[in-house]
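Each remark here refers to the structure printed beneath this line.
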Amino acid sequence: MKKKIVVLSGAGLDAESDIATFRSGPKALWANHKIEDVCTATAWNKNPTLVNDFYNMRRIEVLNAVPNKAHIDLAQAETLYDIVHITTNVSDLLERAGCTNVLHLHGHLLKARTSREGVGSLPDYLVEQFIVPVGQEGIKPMQEASDGHLLRPHIVLFEETLPNLNSAIDVMKTADYLIVIGTSLQVYPSASLIYDVPSHCKCYLIDPSIIEIDNRFIIYQEKATTGIMKVLEHIQSTM
């Protein structure tokens with residue numbers, strides 16, 4: 001039986017594909033937009049067209065990007081391990097690289113759903129019929145979903161709960177190895193997932209920044225593309 005690797009990833013995994021991060025660097029999304037104007041539930045209720053336009057621009061950026069070496073190495077490692085991805089990224093780069101089991105905690109940029117009350121609070125597997133693909137054309141102004149409610153990005157906005165959190169906790173509890181990559185572990189509740197792994201789980205952290213974390217973790221202070229292969233090699237050496 002293959003060992004289970006759970007990969008908890010954030011913006012640093014996509015950064016080397018030239019995807020703008022939210023909080024740091026010259027392309028930080030917050031540099032040109034106020035959170036309260038485009039990334040909150042209040043903002044969408046006040047001006048859905050503005051919020052949809054913001055995510056339409058982000059969608060084009062993702063569609064123009066390509067998976068980097070870290071995405072590809074993780075996909076290729078599925079020949080050796082049972083790998084499940086839990087990501088706060090809203091891109092499809094993991095899937096395009098060939099990763100087959102990806103749980104999106106913060107939603108998916110290339111999908112949209114009805115804005116009908118209550119749908120967004122349920123995990124994806126319960127509301128699949130209300131989620132539709134959306135491509136480069138984006139969400140049009142005042143476009144309606146099939147149930148007559150406005151169509152909105154399938155993104156967890158600020159002020160909203162994480163509908164897939166319990167599914168992520170269940171996955172964490174099955175890990176033989178945990179790889180945390182490209183996340184500062186400062187955003188909760190997703191950051192608390194590292195405490196849900198079983199006691200036998202071996203833990204790794206890959207990030208170029210210095211992150212305070214408990215001593216369960218072997219730390220690789222590197223970018224995703226250089227760090228992931230070193231971690232996979234270390235896991236292989238311990239088996």
> So, Thr161 and Ser121: side-chain donor and acceptor under 3.5 Å apart, yes or no?
Replying inline: no
> Is the closest side-chain heavy-atom distance between Ile181 and Leu8 below 4.5 Å?
Replying inline: no
>> Within the 3.5 Å criterion, strictly below it, is a donor on Glu95 or His104 matched to an acceptor on the partner's side chain?
In response: yes
> Can you tell me if Thr225 and Asn68 form a side-chain donor-acceptor pair at under 3.5 Å?
Replying inline: no
>> Looking at Leu109, is its backbone amide N or carbonyl O close enough to the side chain of Arg59 to form a donor-acceptor pair, meaning the two atoms are under 3.5 Å apart?
In response: yes
>> More than 12 heavy atoms of other residues, nucleotides or ligands under 6.0 Å from NZ of Lys46: yes or no?
In response: no
>> Quick one, Glu36 with Thr40, criterion side-chain hydrogen bond (donor to acceptor under 3.5 Å, both in side chains). Give me CA distance, side-chain angles, the key distance, then yes/no.
In response: CA-CA 6 Å; Glu36 60 269 23; Thr40 66; over 6 Å; no
> Where the side chain of Glu160 meets the backbone of Ala41, is there a donor-acceptor pair that is under 3.5 Å apart?
Replying inline: no
> Which is it for His106 and Asn89 under the side-chain hydrogen bond (donor to acceptor under 3.5 Å, both in side chains) test, yes or no, and what are the steps along the way?
Replying inline: CA-CA 7 Å; His106 291 174; Asn89 294 334; over 6 Å; no
>> Tell me if the OH atom of Tyr188 is crowded by more than 12 foreign heavy atoms within 6.0 Å.
In response: yes
> For atom NZ of Lys4, is the number of surrounding heavy atoms from other residues, nucleotides or ligands below 6.0 Å larger than 12?
Replying inline: yes
> Which heavy-atom pair separates Ala224 from Gly12 by the least distance, and what is that distance?
Replying inline: CB-O, 4.0 Å
> About how many Å separate OG of Ser190 and CG of Leu105, when rounded to the nearest 0.5 Å?
Replying inline: 6.0 Å
> Can you tell which of His234, Lys202, His200 makes a side chain to side chain contact (heavy atoms under 4.5 Å, CB included) with Tyr177?
Replying inline: Lys202
>> I need the single residue from Leu50, Val38, Val51 that forms a side chain to side chain contact (heavy atoms under 4.5 Å, CB included) with Trp44. Which is it?
In response: Val51
> How close do Cys201 and Ala175 get, heavy atom to heavy atom, and via which atoms?
Replying inline: CB-O, 3.6 Å
> Between Arg116 and Asp147, is there a salt bridge with N-O shorter than 4.0 Å?
Replying inline: yes
> Which heavy atom in Ser9 sits nearest to a heavy atom in Thr87, and how many Å separate them?
Replying inline: OG-OG1, 2.9 Å
Under 3.5 Å, side-chain donor or acceptor atoms of residues 132-145 against the rest of the protein: list the pairs with distances, not counting sequence neighbours.
residue : atom : partner : partner atom : Å
Glu137  : OE2  : Gly135  : N            : 3.3
Gln143  : OE1  : Lys140  : N            : 2.9

> How far apart are the closest heavy atoms of Ser91 and Asp14, and which atoms are they?
Replying inline: OG-OD2, 2.7 Å
> Can you check side-chain contact (heavy atoms from CB on, under 4.5 Å) on Leu151 and Thr114, steps first, answer last?
Replying inline: CA-CA 5 Å; Leu151 199 64; Thr114 176; 5.8 Å; no
> Between Lys223 and Glu16, is there a salt bridge with N-O shorter than 4.0 Å?
Replying inline: no
> Below 4.5 Å, heavy atoms only, C-beta onward: do Ser17 and His71 meet side chain to side chain?
Replying inline: yes
>> Asp170: which residues meet the salt bridge (Lys or Arg N to Asp or Glu O under 4.0 Å) condition with it, sequence neighbours left out?
In response: none
> Which heavy atom of Ser115 sits nearest a heavy atom of His149, and at what distance?
Replying inline: OG-CB, 3.8 Å
> Taking the side chain as C-beta and beyond, is there a heavy-atom pair between Val62 and Asp92 under 4.5 Å?
Replying inline: yes
> Between Glu159 and Thr42, is any side-chain donor less than 3.5 angstrom from a side-chain acceptor?
Replying inline: yes
> Is there a donor-acceptor pair closer than 3.5 Å between any side-chain N or O of Thr183 and the backbone N or O of Leu185?
Replying inline: yes
> Mind checking whether His154 and Phe130 have side chains closer than 4.5 Å, heavy atoms only?
Replying inline: no
> What is the minimum heavy-atom distance between Pro67 and Arg96, and which atoms define it?
Replying inline: CG-CB, 3.9 Å
> Which class fits the ring pair Tyr220 and Tyr204: parallel under 30°, tilted 30 to 60°, perpendicular over 60°?
Replying inline: tilted
> Are the side chains of Cys203 and Val197 in touch, meaning some heavy atoms are under 4.5 Å apart?
Replying inline: yes
